[in-house]
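Each remark here refers to the structure printed beneath this line.
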Amino acid sequence: MSKTVHIPLKTNNQSINIALDTIQIGKQALIFVNTKRSAEKLSEDISKKIKHISLPTLSASILKAVSSPTKQCRRLSKIVEKGVAFHHAGLVSKQRELIEDKFREGVIKVICCTPTLAFGLDMPAFRAVIRDLKRFSVGTSWGMTDIPVLEYMQMAGRAGRPGKEDYGEAICIAQTESDKDFIEQKYIEGEPECIYSKLAVEPVLRTYLLSLIASHFVRTYDDIITFFSKTFWAYQFEDMNRLESIINKMLKLLVDFEFIEMSETTDDFVSAQEMAERKVKATKLGERVAQLYIDPLTANKLIEDMKASAEQDLTAFSVLHMVCSTLELRPYLRIKAKEVDKIEERYAEFADEILADEPEMFEDHYSDFMDSIKTSLFMYDWIEEKGEEYLLETFDIRPGEIKAKLDRADWLLYACVELSKIIGLTKVNKDITKTRMRLKSGVKEELLSLLRLKGVGRIRARKMFNNGIKDLKDAKTCDLTKLAQLIGRAISYKIKEQLGQKVTPIKENKRKGQINLNDFR
DNA sequence: GGACGGTGAAACTTCAGGTTGCCTC
DNA sequence: GAAGTTTCACCGTCC
């Protein structure tokens, strides 16, 4: 159903006008844009036009959501004060949740967001404004491309709050008349795209094939073919011969990687019957790869790298670059034009620690390789105790993205630790475990001992270390008063307890949580 | 006359997102 | 391809 709505033209920016009108009529809006920058800029521009809303408490809690606020946090906090917010993957989860909750409660009136809010979340609004129907894409269609109709529907579907309002408004913004006709035809009246099975994507197929075998869901070649012939993929693909040849290619790969074993055929000439009855079984290594749920190609690459470096010392940078060379860590942080020299310079420092072969400068994938170096350098700086503000300034990576990348790297490092156990690479196992521990907390090696204490993270450990408390022994002999001055009373009490020193809080004339220092020997 | 600030055009730069393992306070 | 950012020239104002 269409309806004519008049929006007062208070500015020459239609998105701002719609936002202001939505607030004016006492409703809420989600505005979808195509970049994180745009989401931030538009929400800021809208907030500047709002005079009558002031939410200082909420604004403060946005800053409090993180221990050391970055430029991004300060910007968001200022915008939120006016009942507006931006929302994208660069936010940390606490801030994201806060914004989502306050929007649901009706406190925040307008959110400018990337498509994050279109999928999965229960975040309806009276108005869903789709400002950008084009998005930059790389690969076969390089440049700005129209977003899929399905995605438009996801965003438009956020309009209207069932049970609370009778209807909602989904608004697209056209720049010209012909633009308007195009939008009407393609998106409003158009059909969504067909859905295609993703099973044929090689990493997906490799992973599923191995896990089917490892979990004993299939035991023979015939089982495999029968299983895949019943999938949606086969239904869509129709050509079972071609499908079988793809599966064969994958099976060969898994055999080459020593993740599965297939029983030998007796003769050079193999009958169809004989082929179908060939037994398929995962090796011990293959079983673990399947459990770890990593792409077999990645697993094999990591294993090869670890084997190749079995005899040498693996530095933190070589370990980080090893995991940063996998598909799982993509997309890499991209090197920007003005930082090429700086990254090259820093790379020179670590060049001899890289396990992979460095491509020649004129080769196609050189820039891709350098992006993987930049990604590794970001992680390296993290484990050298650089803060989020520094990482944002230096690598243009936002707090939420930092967390996402580190989580993935940690998962792969865990996989490396597990795989190195199975293939018996003790030394490699030790080096990787150490780097993984550093990555988890973002600390230099010297702090690892102190991190074993509960309640001690990178900040507290650094404080303790710089004040002469360098390991658990120092922490044990350290005077409680000194410790309490450094990192607080309550936490010092907990630390001493963990170290087996009995502490009894003073019962009389004390404030809550005060401790009897005389109890320490 | 020089420092400073505001303005607007031109040149330049950059571009969405999320699932998997396992554990531990 | 286009939005957002940076750079730079230009102009007016002030001391």
Side-chain angles (χ1 to χ4, degrees), chain A residues 13 15 32-45 75 86-91 93 96 112-121 130-139 141-148 151-152 154-155 173 175-176 179 198 201 203-204 206-208 210-211 287-296 298-299 302 323 326-331 333-340 371 396-398 400-401 403-419 421 433 436-437 440-441 451-457 460 491 494-495 497-498:
Chain A
N13 181 322
S15 308
F32 292 97
V33 295
N34 61 6
T35 64
K36 293 194 270 279
R37 256 188 198 176
S38 289
E40 294 181 14
K41 172 78 163 45
L42 181 59
S43 59
E44 191 172 50
D45 289 349
R75 193 179 190 188
F86 58 84
H87 189 291
H88 55 56
L91 300 186
S93 57
R96 264 204 248 188
C112 301
C113 56
T114 54
T116 25
L117 279 184
F119 301 94
L121 283 166
I130 300 115
R131 190 194 75 171
D132 301 329
L133 285 155
K134 285 182 188 296
R135 183 181 306 136
F136 181 83
S137 68
V138 281
S141 52
W142 196 90
M144 293 302 266
T145 50
D146 297 320
I147 62 165
E151 207 176 306
Y152 156 77
Q154 280 284 353
M155 298 193 271
I173 297 180
Q175 304 294 343
T176 60
D179 213 13
K198 288 273 192 289
V201 181
V204 178
R206 287 192 293 257
T207 310
Y208 279 100
L210 179 61
S211 67
E287 266 183 27
R288 196 69 189 110
V289 171
Q291 282 166 359
L292 292 166
Y293 213 78
I294 46 176
D295 178 358
T298 297
L302 295 174
V323 292
T326 62
L327 283 176
E328 281 79 353
L329 256 291
R330 283 165 191 265
L333 306 193
R334 284 182 47 208
I335 298 185
K336 291 168 192 181
K338 61 181 173 192
E339 53 185 27
V340 173
D371 287 348
D396 193 27
I397 183 166
R398 298 167 169 85
E401 297 162 320
K403 173 129 191 15
K405 277 273 178 282
L406 293 177
D407 274 356
R408 284 185 83 99
D410 178 57
W411 163 49
L412 286 177
L413 287 177
Y414 172 75
C416 286
V417 169
E418 290 300 298
L419 296 174
K421 264 188 224 165
T433 304
R436 184 177 173 228
M437 285 166 73
K440 246 182 144 51
S441 305
L451 284 175
R452 282 154 65 192
L453 293 166
K454 290 169 200 164
V456 177
R460 286 176 179 150
I491 192 74
K494 279 185 189 159
I495 288 175
E497 238 182 7
Q498 287 174 64

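Proteins get letters first, then strands, A, B, ... in listed order; numbering begins at 1 in each.
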Set out, in order, the CA-CA distance, both residues' side-chain angles and the distance that settles salt bridge (Lys or Arg N to Asp or Glu O under 4.0 Å) for A/E497 and A/K494, then state yes or no.
CA-CA 5 Å; A/E497 238 182 7; A/K494 279 185 189 159; over 6 Å; no

Does [X] reach the side chain of [Y], with side-chain heavy atoms less than 4.5 Å apart?
X	Y	answer
A/V33	A/C113	no
A/Y152	A/I147	yes
A/L412	A/E328	yes

Given protein heavy atoms under 4.0 Å, the one-letter contact record of nucleotides 3-8 of chain C, with B base, S sugar-phosphate only and - none, is simply SSS---

Under 4.0 Å protein heavy-atom contact, by nucleotide of nucleotides 19-25 of chain B - B base, S sugar-phosphate only:
BBBS--S

Spacing of [X] atom [atom1] and [Y] atom [atom2] [to the nearest 0.5 Å]:
X	Y	atom1	atom2	answer
A/K36	A/L91	NZ	CG	10.0 Å
A/L292	A/W411	CG	CH2	8.5 Å
A/E287	A/Q291	CD	CD	6.5 Å

For the CZ atom on A/F136, are there more than 12 heavy atoms of other groups (residues, nucleotides or ligands in this structure) within a distance under 6.0 Å?
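Count over threshold, so yes.
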
Does A/R75 have more than 12 heavy atoms from other residues, nucleotides or ligands lying within 6.0 Å of its CZ?
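Yes, enclosed.
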
Rounded to the nearest angstrom, tell me the gap between atom [atom1] in [X] and atom [atom2] in [N].
X	N	atom1	atom2	value
A/F119	B/dG17	CZ	P	11 Å
A/F136	B/dT13	CZ	P	15 Å
A/I147	B/dG17	CD1	C1'	14 Å
A/I335	B/dT13	CD1	P	15 Å
A/R330	B/dA16	CZ	P	18 Å

Work out how far the P atom of C/dG4 is from that of B/dG17, and round it to whole angstrom.
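The answer is 15 Å between these two P atoms.
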
With rounding to the closest Å, how many angstrom separate the C1' atoms on C/dA2 and B/dT19?
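Straight-line distance between the two C1' atoms is 32 Å.
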
Return no unless some side-chain N or O of A/R96 is found under 4.0 Å from OP1 or OP2 of B/dG17.
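Negative; the distance criterion is not met.
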
Would you say a side-chain N or O of A/K336 is under 4.0 Å from OP1 or OP2 of B/dC12?
no

Check ion pair A/K41-A/E44 (N to O, under 4.0 angstrom):
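So A/K41 does not pair with A/E44 through a salt bridge.
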
Rounding to 10 degrees, work out the angle separating the end axes of the helix from B/dG1-C/dC15 to B/dC15-C/dG1 (five pairs an end).
10°

Select base, sugar-phosphate, or nothing to describe what A/P203 touches, counting heavy atoms under 4.0 Å on all strands.
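No contact.
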
